[in-house]
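Notes for the one structure printed next.
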Amino acid sequence: MEAQAQGLLETEPLQGRDEDAVASADFSSMLSEEEKEELKAELVQLEDEITTLRQVLSAKERHLVEIKQKLGMNLMNELKQNFSKSWHDMQTSTAYKKTHETLSHAGQKATAAFSNVGTAISKKFGDMSYSIRHSISMPAMRRK
């Protein structure tokens with residue numbers, strides 16, 4: 001019986017279908033007129049409190065903007081500071097350091113490879129130039 005009773009006292013939050021079932025249920029027939037009036041009064045009070053809290057929040061946000069203006073802080077400065085901090089945080093991360101190291105090493109290898117290719121091409125052109133000069137200077141190879 002206790003296991004059955006615990007099943008009725010769920011501790012997990014409502015799921016989407018549970019919320020829909022609760023929202024579509026009509027509990028008003030289960031409430032007395034006095035309970036309905038109390039709930040309506042509580043609803044009005046909560047709505048008033050929410051309105052008051054929104055007004056207080058709005059006033060505090062305006063005050064925050066005024067203070068920032070007096071301190072010379074504006075949106076662009078904040079964005080720059082946030083970007084600088086984020087960039088610094090990224091550069092000091094382990095992943096960035098490893099990636100930077102790997103790409104730097106790969107860049108050095110690529111530079112060396114291109115240098116070797118360039119040297120080989122230069123040597124080939126030099127050999128071809130020598131062959132052309134040599135063949136032009138030999139009388140047996142000239143066409144008469």
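Proximity of L57 to L53: side-chain heavy atoms (C-beta onward) are nowhere separated by under 4.5 Å.
Among residues two or more places apart in sequence or in another chain, the side chain to side chain contact (heavy atoms under 4.5 Å, CB included) test is passed with E101 by none.
Here salt bridge (charged side-chain N to carboxylate O under 4.0 Å, His left out) pairs that include residues 27-37, with residues two or more places apart or in two chains, are E33-K36. For residues 51-72, the salt bridge (charged side-chain N to carboxylate O under 4.0 Å, His left out) pairs, not counting sequence neighbours, are K68-E78.
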task = Please assess H88 against T92 for the test side-chain contact (heavy atoms from CB on, under 4.5 Å), listing each intermediate value before the final yes or no.
result = CA-CA 6 Å; H88 178 265; T92 56; 3.8 Å; yes
request  = Take I67 and L71 through the test side-chain contact (heavy atoms from CB on, under 4.5 Å) and record every step on the way to the result.
outcome  = CA-CA 6 Å; I67 291 172; L71 291 173; 4.0 Å; yes
message = One pair to check against side-chain contact (heavy atoms from CB on, under 4.5 Å): L103 and T99. What are the steps and the verdict?
response = CA-CA 6 Å; L103 291 177; T99 303; 3.9 Å; yes
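Taken from NZ in K40 to CG in L31, the straight-line distance is 10.5 Å, to the nearest 0.5 Å. The structure places OG of S93 at 12.0 Å from NE2 of H100, a figure rounded to the nearest 0.5 Å. Rounding to the nearest 0.5 Å gives a distance of 13.0 Å between CZ of F114 and OG1 of T119. Here the CG atom belonging to L39 is positioned 10.5 Å from the CG atom belonging to L46, to the nearest 0.5 angstrom.
Side-chain N or O atoms of S115 include none that pairs as donor or acceptor with a backbone N or O of T111 at under 3.5 Å.
Taking a 6.0 Å sphere around CE of M90, one finds it holds more than 12 heavy atoms contributed by other residues, nucleotides or ligands.
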